[in-house]
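Not measured: the values here are computed from a predicted model.
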Amino acid sequence: MRFMQTFLPNGYPHTVTPNYIQFVKVSNMGGILFTAMGFLSTQSLFVALGSTMNQANVAAAAYQWVLKDGLGQVGAILFAAKFG
């Protein structure tokens with residue numbers, strides 16, 4: 001139940017419009033595509049700087065996940081769960 005309280009608005013489904021789930025689906029798809037675009041551009045940057053493709057894959061994955069996505073998303077979820 002705590003999982004549902006963290007990711008859905010208070011009083012769901014009675015406090016949102018019927019098209020809320022459609023909005024969430026489209027919003028999440030945009031986030032996924034934005035993350036993929038960031039990963040690919042970071043990988044291309046490492047290749048342009050002289051890394052091999054394997055080195056660039058590892059470097060881009062590490063950068064994207066640990067520094068940007070992992071810490072940022074976990075922090076945002078915890079902040080919103082506590083103060084939202």
- Message: Side-chain heavy atoms under 4.5 Å apart, restricted to Ile/Leu/Val/Met/Phe/Trp/Tyr: what other residues fall into the cluster of I32, or is it alone?
- Response: none
- Note on the structure: Residues passing the side chain to side chain contact (heavy atoms under 4.5 Å, CB included) test with I77, sequence neighbours excluded, are T6, F7
- Task: With sequence neighbours left out, write down each residue that passes ring pair (Phe, Tyr, Trp, His ring centres under 6.0 Å) with F83, or none if nothing qualifies.
- Result: F79
Identify each donor-acceptor pair in which a side-chain atom of residues 34-42 lies under 3.5 Å from a protein atom, sequence neighbours left out, and give them as a table.
{"unit_1": "T35", "atom_1": "OG1", "unit_2": "G31", "atom_2": "O", "d": "2.9"}
{"unit_1": "S41", "atom_1": "OG", "unit_2": "M37", "atom_2": "O", "d": "3.2"}
{"unit_1": "S41", "atom_1": "OG", "unit_2": "G38", "atom_2": "O", "d": "3.0"}
{"unit_1": "T42", "atom_1": "OG1", "unit_2": "G38", "atom_2": "O", "d": "2.8"}
{"unit_1": "T42", "atom_1": "OG1", "unit_2": "Q64", "atom_2": "OE1", "d": "3.2"}

- Query: Considering residues at least two apart in sequence or located in another chain, which fulfil the side chain to side chain contact (heavy atoms under 4.5 Å, CB included) criterion with Q55?
  - Reply: S51, T52
N/O donor-acceptor pairs under 3.5 Å from side chains in residues 13-28, not counting sequence neighbours:
{"unit_1": "T15", "atom_1": "OG1", "unit_2": "N10", "atom_2": "O", "d": "2.6"}
{"unit_1": "T17", "atom_1": "OG1", "unit_2": "N19", "atom_2": "OD1", "d": "2.4"}
{"unit_1": "N28", "atom_1": "ND2", "unit_2": "V24", "atom_2": "O", "d": "3.3"}

- Residue list, side chain to side chain contact (heavy atoms under 4.5 Å, CB included) with M29, at least two apart or on another chain: L33
- Message: Which Ile, Leu, Val, Met, Phe, Trp or Tyr residues join L49 in one cluster when any pair of side-chain heavy atoms under 4.5 Å counts as a link?
- Response: L45
- Query: For V58, which residues count as a side chain to side chain contact (heavy atoms under 4.5 Å, CB included) partner, sequence neighbours excluded?
  - Reply: none
- Task: Could I get the full list of side chain to side chain donor-acceptor pair (under 3.5 Å) partners for N54, not counting sequence neighbours?
- Result: none
